[in-house]
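In what follows, a structure is listed as structure tokens, so that the remarks can point back to it.
Proteins come first, then strands; the chains are lettered A, B, ... in the order of their sequence lines, and each starts at number 1.
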Amino acid sequence: MSEIRVRFAPSPTGYLHIGGVRTALFNWLYARHEGGTFILRIEDTDRDRSTEEAIAAILEGLRWVGLTWDEGPYRQTDRLELYRQKAMELFDRGLAYWCVCTPEELEARRKEAQEKGEPVKYDGRCREKRILTPTQPAALRFKSPQEGVTVINDLIKGHIQFDNTVLDDLIILRSNGYPTYNFSVVIDDALMGITHVIRGDDHVNNTPRQIPLFDALGYPVPKFAHLPMILGADKTRLSKRHGATSILAYRDMGYLPEAMVNYLVRLGWAYGDQELFSIEEMIEKFSFDHVQKSPAVFNPDKLLWMNGEYIKQADSKRLAELLIPFLKAKGYDPHGPVQPVGGIEALIPPLRERAKTLVEMAEWALPYVTDPIAIDEEAAKKFLTPDILPSLRKFAEYVEGLETFSKETLESVLHRVLDEDGLKMGKLAQPLRVALTGRTFSPGIYDVMLLLGKERTLQRLERVLHSLDCKGHLD
RNA sequence: GUCCCCAUCGUCUAGUCUGGCCUAGGACGCCGGCCUUUCAAGCCGGCAACACGGGUUCAAAUCCCGUUGGGGACGCCA
């Protein structure tokens with residue numbers, strides 16, 4: 001069996017979006033599954049819209065999700081001479097011709113056809129002009145076959161057939177000398193030995209235009225697999241209107257790349273009832289047999305759930321490292337005096353069950369990495385009431401006398417206060433929680449104190465007791 | 001408008017090719033309960049779909065035709 005070669009070929013006209021990542025992912029998975037080669041090619045023949053920043057963002061995005069490429073990135077602008085050569089070869093063989101219609105004229109004719117309800121198609125008026133050396137700006141057009149049918153046996157969609165009368169004489173070389181997409185893609189796919197073209201199904205209609213080009217140039221036609229689109233909640237194509245669509249925006253929102261990949265692979269592909277896949281499992285189980293034919297709606301809720309699942313599983317040390325930038329954004333100083341006992345890594349076990357993103361986790365972590373803390377007004381009003389002060393004070397005193405500050409000793413001291421004052425756990429735990437974290441929700445109260453350490457625990461209790469004593473309210 | 005594709009819970013999907021095991025399964029979300037020092041997590045339960053109409057067949061979510069609905073494409077963009 002010959003080697004499988006696939007490619008991801010984004011155009012650098014904007015950021016790398018969700019749909020692009022999924023296309024790249026399916027290519028990558030297929031290559032890895034087959035032991036083939038995954039190639040990255042930048043299609044930057046649109047001189048006006050391609051940018052270096054976009055290229056950088058694409059590479060960064062792919063690296064973030066771990067879709068490493070085996071060859072490339074190739075850039076089409078490095079290969080312009082090649083396309084021109086091949087285009088002129090077609091011209092010399094009488095398979096292409098110069099067209100001197102201006103973009104404005106073409107636009108006007110298109111509009112007219114549209115209005116009359118006629119097929120919007122180039123009328124071929126320059127086809128028989130036989131211009132040898134154009135004296136005015138001219139584009140080179142390919143003579144598309146006008147008889148018969150072109151058939152695609154798509155790996156996902158199956159048999160698709162087009163009547164060749166629908167084919168335009170498409171421009172292969174612009175008047176500025178740059179090739180157009182439909183031409184450069186064919187040249188590159190052929191010359192790079194691409195065996196399987198895996199791309200979004202917005203390209204289905206381009207395929208019957210490209211196949212005759214492969215044929216005309218004497219190249220073998222690769223196999224095609226057209227992936228269904230990803231839609232927004234309103235069932236229109238995913239775009240900025242649906243919120244974040246740049247893959248890097250998800251990184252910045254605190255998503256884990258493996259969660260992103262897992263979510264995306266399940267959008268349009270399934271393996272029985274399984275939801276969670278390791279990368280190895282995806283590679284092993286991936287096949288076009290179970291790729292959906294119809295578009296899928298992007299569901300942020302499910303992605304969020306999945307991210308939570310991965311946060312629960314992730315290695316603590318790695319999670320701690322990933323968390324630090326998010327902590328910094330909230331005012332944490334990695335070299336400052338305010339550190340949780342046991343370091344940032346100690347934060348992970350109590351917080352990972354509660355947070356679905358790193359941003360949320362940083363929010364939960366705030367009371368342990370910053371000082372002083374803000375105390376929620378509502379919470380203080382409800383729980384830091386005069387009647388509980390004596391018990392809080394007593395608890396502080398007992399804690400102060402503790403030789404070992406552990407879950408066991410804290411538990412016994414707390415229960416001692418409960419017994420002596422005839423209180424239920426909830427009655428004292430909530431005020432304590434508010435005094436120590438400023439909030440009504442937190443990890444278990446013993447975990448909180450352990451993370452804070454004896455000194456900071458007492459400090460925070462004192463602060464509350466003191467200001468309530470003196471002023472009857474908090475600062 | 002023309003061409004291409006698609007159609008199972010709100011969403012992602014299993015089942016469709018190789019009709020019967022489907023009173024249609026799982027997951028997210030939602031609702032209820034349990035657990036409980038809060039919030040989560042966890043556990044248990046519930047609501048919820050074969051677009052419609054014709055065929056074929058003993059039997060259709062599964063096969064065929066039509067309708068409707070949805071998506072995509074019609075650039076000197078990719």
May I have the distance from [X] (atom [atom1]) to [N] (atom [atom2]), rounded to whole angstrom?
X	N	atom1	atom2	result
A:D289	B:rG15	CG	C1'	15 Å
A:Q210	B:rC74	CD	P	12 Å
A:W364	B:rA41	CH2	C1'	10 Å
A:R416	B:rU37	CZ	P	22 Å
A:N153	B:rC5	CG	C1'	15 Å
A:I171	B:rC77	CD1	P	8 Å
A:Y178	B:rC76	OH	C1'	13 Å
A:R354	B:rA40	CZ	C1'	5 Å

Remember a base hit wins even if backbone is also touched, and classify [X] as base, sugar-phosphate or nothing at under 4.0 Å, heavy atoms.
X	answer
A:G268	sugar-phosphate
A:E115	nothing
A:D46	sugar-phosphate
A:R352	nothing
A:K382	nothing
A:P10	nothing
A:I445	base
A:C99	nothing
A:Y263	nothing
A:L267	sugar-phosphate
A:K312	sugar-phosphate
A:T45	sugar-phosphate
A:T180	sugar-phosphate

Would you mind pulling out the nucleotide paired to [N], Watson-Crick or G-U wobble, both distances under 3.5 Å?
N	result
B:rU68	B:rA7
B:rU62	none
B:rC21	none
B:rU36	none
B:rC77	none
B:rG45	B:rC31
B:rU16	none

Quiz item: Would you call A:R75-A:E43 a salt bridge at under 4.0 Å N-O?
Solution: no
Practice problem: Work out which heavy atom in A:S391 is nearest to a heavy atom in A:V417; give both atom names and the distance. | Solution: O-CG1, 3.8 Å
Quiz item: What heavy-atom pair brings A:A346 and A:L451 nearest, and what distance separates the two atoms?
Solution: O-CD1, 3.7 Å
Taking the [atom1] atom of each, how far is [N] from [M], in whole Å?
N	M	atom1	result
B:rC22	B:rU16	C1'	12 Å
B:rC63	B:rG69	C1'	22 Å
B:rG10	B:rC58	P	35 Å
B:rA24	B:rC52	P	16 Å
B:rG54	B:rC12	P	28 Å
B:rA14	B:rG32	P	31 Å
B:rC28	B:rC76	P	48 Å
B:rU13	B:rU57	C1'	29 Å

Give every donor-acceptor pair under 3.5 Å between a side-chain atom in residues 361-369 of chain A and any protein atom, sequence neighbours left out.
residue : atom : partner : partner atom : Å
A:E363  : OE1  : A:K330  : NZ           : 3.2
A:E363  : OE2  : A:R439  : NH2          : 3.1

Quiz item: Side-chain donor or acceptor of A:S11 under 3.5 Å from a matching atom on the base of B:rC77?
Solution: no
Quiz item: Taking N and O atoms by type only, does the side chain of A:R433 place a donor or acceptor under 3.5 Å from a partner on the base of B:rU37?
Solution: yes
Practice problem: Determine, stepwise, if the pair A:F405 / A:V399 fulfils side-chain contact (heavy atoms from CB on, under 4.5 Å). | Solution: CA-CA 8 Å; A:F405 189 78; A:V399 168; 3.8 Å; yes
Exercise. Flag the pair A:W305 / A:Y263 as yes when their ring centroid distance falls below 6.0 Å, and as no otherwise.
Key: no
Quiz item: Does A:F26 have its ring centroid less than 6.0 Å away from the ring centroid of A:F286?
Solution: yes
Just the table, please: protein N/O against nucleotides 71-73 of chain B N/O, every pair under 3.5 Å.
residue : atom : partner : partner atom : Å
B:rG71  : OP1  : A:K235  : O            : 3.3
B:rG72  : O3'  : A:R237  : NH1          : 3.3
B:rG72  : N2   : A:N205  : OD1          : 3.4
B:rG72  : N2   : A:N205  : ND2          : 3.0
B:rA73  : OP1  : A:R237  : NH1          : 2.4
B:rA73  : O4'  : A:N205  : ND2          : 3.3

Quiz item: Would you call the rings of A:H17 and A:Y15 parallel, tilted or perpendicular if under 30° counts as parallel and over 60° as perpendicular?
Solution: perpendicular
Quiz item: Does A:T13 or A:F162 map to a spot on RNA chain B nearer the 5' end, using the closest nucleotide for each?
Solution: A:F162
Quiz item: Which residue lies toward the 5' end of RNA chain B, A:S294 or A:A355, if each is placed at its nearest nucleotide?
Solution: A:S294
Quiz prompt | Flag for A:Q76-A:R79: side-chain donor and acceptor within less than 3.5 Å | solution = no
Exercise. Would you verify whether the NZ or CZ of A:R266 falls within 45 degrees of the ring axis of A:F277 while also being under 6.0 Å from that six-membered ring's centre?
Key: no
Quiz item: Taking the six-membered ring of A:Y398, is the NZ or CZ of A:R416 close enough (under 6.0 Å from the centre) and on axis enough (within 45°)?
Solution: yes
Polar pairs (N or O, both sides) under 3.5 Å between protein and nucleotides 23-26 of chain B?
residue : atom : partner : partner atom : Å
B:rG25  : N2   : A:D273  : OD1          : 2.7
B:rG26  : N2   : A:E275  : OE2          : 3.0

Practice problem: Consider the side chain of A:H290, meaning its heavy atoms from C-beta on, and name the nucleotide among B:rG15, B:rU37, B:rC12 that approaches it most closely. | Solution: B:rG15
Quiz item: What distance do A:L227 atom CG and A:R199 atom CZ have between them, rounded to the nearest 0.5 Å?
Solution: 10.5 Å
Quiz item: Heavy atoms, side chains only, cut-off 4.5 Å: are A:I156 and A:D201 in contact?
Solution: no
